[in-house]
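What follows is a single structure, written as structure tokens, with notes after it.
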Amino acid sequence: MVDQIQDDGVYDKYRWLDTLDGWKRSHHNNELSAANLGQQVCLMGWVQFRRDHGGLIFIDLRDREGLTQVVFSPEYNSTAHERAHAIRAEYVVAVKGLVRERPDGMANSSLVTGEIEVVVDEWKLLNLSETPPFTIEDRDDAGEQHRLKYRYLDLRRPKLARNFILRHKATRAVRKYMDSLGFLDIETPVLTKATPEGARDYLVPSRVTQGSFYALPQSPQLFKQLLMMSGFDRYYQIVKCFRDEDLRADRQPEFTQIDIEMSFVDESQVQEMAEGLVRAMFKETIDVDLPTQFPRMTYAEAIRDYGLDKPDLRFDLKLQNVSDIFEKSDFKVFAKAGLVKCLKVPNGAQLSRKEIDDYTHFVEIYGSQGLAWIKVKEDGQWQSPIVKFFSESECEALKERMNVQAHDILFFQAGQADIVNTALGSLRIKLGERFDLIQDNTFAPVWVTDFPLLEWDEEEKRFTAMHHPFTAAQPGELKTVQENPGAALSRAYDLVLNGQEIGGGSIRIHSVEEQQTMFKALGISAREAEEKFAFLLEALQYGAPPHGGIAFGMDRIVMLLTGASSIRDVIAFPKTQKATCLMTEAPSTVSKKQLAELGIKLREKKEE
RNA sequence: GGAGCCGUAGUUCAGUUGGUUAGAACGCCGGCCUGUCACGCCGGAGGCCGCGAGUUCGAGUCUCGUCGGCUCCGCCA
């Protein structure tokens, strides 16, 4: 009926399309209720489902807000009904009709608009649609490869659409809160200078200065510090940042940061502001009240108790250092280890041998050599492949230290400290999920403070900044930086929520001497510092105020707010793990002309 | 750079030890249907088993390579 060949042979399936002709939408599709009974309304949207009974025809009309059932009835309006047989999924239609109550027992309690329906007087076919490659509804029946290729269709799915509506509310909450505290939204450049430290830069070739490159910002770090030196006092920006590193379920090459900087403040003032911001976002998007004061823990405590610098405090298990118990043990694996840590799971003895084997493979990912364990039976007997190597006093000490009870399981990691902590800390998260220790809809924020200023980079054989090279050392630690760089503590802090790092910041260096000391500790020569950061070193000499700030990962926060398991579900047009866009097919090759203008010559492809 | 899982109809998947004509559900097309809401009933069409080699009398199934998607380690100040 719809596809026709015109007289001139041109295939034109759009000749029956209607125009709006001044029709105006009166309501969205999640809006009508019994309160609107008897009203004439005009709705527009996409056809979600069609249920053609031959006589009555029902369609569910969808827009971003929801669904409304529309009825075509031969008795009510036979012309409208006759034309409606041709309606298919995803056609775009406008209907004018009467809001009426559904017959007895026909209400649909799963729809907000389920008590009513709109019976059609007149309707317009605004556009046709090919049969979509996958069904547009919330039950996931398409793979991500298809969903990303047809992202614009995927985004019609209510579940996904809701994420972006919520994301908008989060953004709005940020702007409202920051404005209320006198922060100015100031834009910083996207074409900027490559930095030697940190992540790999995305580079943009300069046409005007051939052979030179801009870099896309990993963060507006230096610009926001310079804005403090300009006297702007309180700055924020919701800003795209770029890092050319490998992707993860919670990492995209371009991501959005809530970037904040303040002058004349110390850590506590930045943190107080930041807590208020996060509380406002949670309140105004999902109506959750976060605690009025977030707990704090030092980096050292986090590693000691949780093995990770982003502890998930939604459940209580803690790692225990048991190195001392086994110092002189006959069990050489423990005695010779740099660190031995134990994690007890109450009632964990139910784990099967296979599950334990799986956990063994799991910790191997982190470089662990193996996973030792002890199951405690009903009668208190220990079942374990390693206990036979323990002396009686070692068993007693362990029993007391770990407060061992019947049905417990103990897991051990022994070896190099960083591997022990990472492996056992990650296993802790896994076990928390396995034993359902994490309650739904709980949010456990925590500040992690007192980070080391520097960490040793084995590959480069030098210290690198743990946070970034502009982070101030704690009072008195400047001397430590020179004498024992690895021991110096910084004025950096991270905000962790449910085991995810959602924000990080620091009080910055505002004295040129301290900045030079820092560069020196990082093995950056005075010449190199001059070359890369001359503008910063100069600016610091013209009255830089004490300042500090924080940056939040907007995408990750929205993930937590929506419960999304992938960052791709809160980014409208995300990239695949290979950093490509399946829809636009970016990145792509460019013409020789474009390359020539940039003075770029591609390496010849080797012939096979 | 490395490890793992996956790739079969438009979609989601099944496919036994390698064996004849590769199946199901949903979707699509046609017919019937006046209270459905993932409507129902009847009928039909639809396949480069990701791609390329190899083993074999014979490959969706085994081997190697390759491309693509996902998860993770490294990396991500």
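In what follows, every heavy atom counts, from backbone to side chain, and hydrogens, waters and symmetry copies are set aside. Here is how names work: the chains are called A, B, and so on, in the same order as the sequence lines, proteins then strands, and each is numbered from 1.
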For B:G40, the nucleotide meeting Watson-Crick or G-U wobble distances (both under 3.5 Å) is B:C32
Whole-Å distance, A:E144 CD to B:U71 P, equals 7 Å
When rounded to whole Å, the CD1 to P distance for the pair A:I419 and B:G74 reads 10 Å
From CD1 of A:I57 across to P of B:G40 the rounded distance in Å is 16 Å
Fill in: Note: A:D154-A:R151 ion pair, threshold 4.0 Å (strictly below)
yes
When rounded to whole Å, the CZ to P distance for the pair A:F72 and B:G35 reads 17 Å
> How is A:M106 classified with respect to the nucleic acid when contacts are heavy atoms under 4.0 Å: base, sugar-phosphate, or nothing?
Replying inline: base
Any strand, both distances under 3.5 Å, Watson-Crick or G-U wobble: B:C5 pairs with B:G69
In Watson-Crick or G-U wobble terms, with both distances under 3.5 Å, the base opposite B:C62 is B:G54
* Asked: With sugar-phosphate meaning primed atoms plus P, OP1 and OP2, does A:T576 contact a base, only sugar-phosphate, or nothing at under 4.0 Å between heavy atoms?
  -> sugar-phosphate
> Planes under 30° and centres closer than 5.5 Å, is that true for A:F134 with the base of B:U11?
Replying inline: no
Could you work out the separation of B:C62 and B:C6 based on their P atoms and round it to a whole Å?
11 Å
Report which part of the nucleic acid A:P74 touches: base, sugar-phosphate, or nothing (heavy-atom distance under 4.0 Å, all strands). base
When rounded to the nearest Å, what value does the distance between C1' atoms of B:G65 and B:C26 take?
-> 36 Å
Of A:G143 and A:A465, the one whose nearest nucleotide on RNA chain B sits closer to the 5' end is A:G143
A:D52 CG to B:C29 C1', in whole Å, measures 14 Å
*Is A:Y366 touching bases, backbone alone, or none of the nucleic acid, heavy atoms closer than 4.0 Å?*
sugar-phosphate
Between B:C76 and A:D246, counting only base atoms on the nucleotide and side-chain atoms on the residue, is there a donor-acceptor pair under 3.5 Å? no
Inset, instruction - Kindly assign one of parallel, tilted or perpendicular to the pair A:H85 and A:H81, based on the angle between their ring planes and the thresholds 30° and 60°. - result: perpendicular
Atom CG of A:L153 and atom P of B:G10 are separated, to the nearest Å, by 17 Å
Whole-Å distance, A:E245 CD to B:G74 C1', equals 10 Å
Taking the P atom of each, how far is B:A9 from B:G1, in whole Å?
31 Å
- Is any side-chain N or O of A:E459 under 3.5 Å from a base N or O of B:G74, one able to act as donor and the other as acceptor? no
Short side-chain N/O contact to B:C29 OP1/OP2 from A:R88, under 4.0 Å = yes
Checklist entry - Has the side chain of A:R251 got a donor or acceptor atom sitting under 3.5 Å from an opposite partner on the base of B:C76? => result yes
Under 4.0 Å from OP1 or OP2 of B:G10: is there any side-chain N or O of A:T131 that close? no
Under a 3.5 Å limit on both distances, the Watson-Crick or wobble mate of B:U20 is none
(Q) For a quick test of reading the model: is some side-chain N or O of A:R200 closer than 4.0 Å to OP1 or OP2 of B:G74? (A) no
Pair of N/O donor and acceptor under 3.5 Å linking B:C75 base with A:R243 side chain: no
May I ask you to say what A:P103 touches in the nucleic acid, namely base, sugar-phosphate or nothing, with a heavy-atom cut-off under 4.0 Å?
base
Is there a side-chain contact between A:R51 and the phosphate of B:U36, meaning an N or O under 4.0 Å from OP1 or OP2? no
Checking B:U11, B:C73, B:C37 against the side chain of A:H146 (C-beta onward), the nearest is B:U11
Is the distance from OP1 or OP2 of B:G69 to the nearest side-chain N or O of A:T580 less than 4.0 Å? yes
Legend entry - Side chain A:T68, main chain A:N29, donor-acceptor under 3.5 Å: yes
Paired to B:A25 by Watson-Crick or G-U wobble criteria (both distances under 3.5 Å) is B:U11
Within the stacking criterion (centroid distance below 5.5 Å, interplanar angle below 30°), does A:H53 stack on B:C39? yes
In whole angstroms, the gap separating P of B:U34 from CG of A:D104 amounts to 21 Å
Query raised in the report: Which part of the nucleic acid, if any, lies within reach of A:R62 when heavy atoms closer than 4.0 Å are counted: base, sugar-phosphate only, or nothing?
Result: nothing
Check: Between A:Y299 and A:F451, what is the ring plane arrangement, given parallel below 30°, perpendicular above 60°, and tilted in between?
Finding: tilted
Can any side-chain N or O of A:R50 pair as donor or acceptor with the backbone N or O of A:R88 at less than 3.5 Å? no
Between A:T135 and A:L111, the residue closer to the 5' end of RNA chain B by nearest nucleotide is A:T135
Are any side-chain N or O atoms of A:S219 and backbone N or O atoms of A:Q221, one a donor and one an acceptor, separated by less than 3.5 Å? yes
Any donor-acceptor pair under 3.5 Å from A:N77 side chain to A:T79 backbone: yes
- Message: With rounding to the closest Å, how many angstrom separate the P atoms on B:G27 and B:C70?
- Response: 28 Å
Give A:F49 one of three labels, base, sugar-phosphate or nothing, depending on what nucleic acid heavy atoms sit under 4.0 Å from its own.
sugar-phosphate
Please work out which of the three classes, parallel, tilted or perpendicular, describes the rings of A:Y152 and A:Y150, given edges at 30° and 60°. perpendicular
inquiry  = Work out how far the C1' atom of B:C13 is from that of B:G47, and round it to whole angstrom.
reply    = 15 Å
Check: Would you say a side-chain N or O of A:R248 is under 4.0 Å from OP1 or OP2 of B:C73?
Finding: yes
Notebook entry, point to check: Distance between the P atoms of B:U16 and B:U8, in whole angstroms?
Noted result: 16 Å
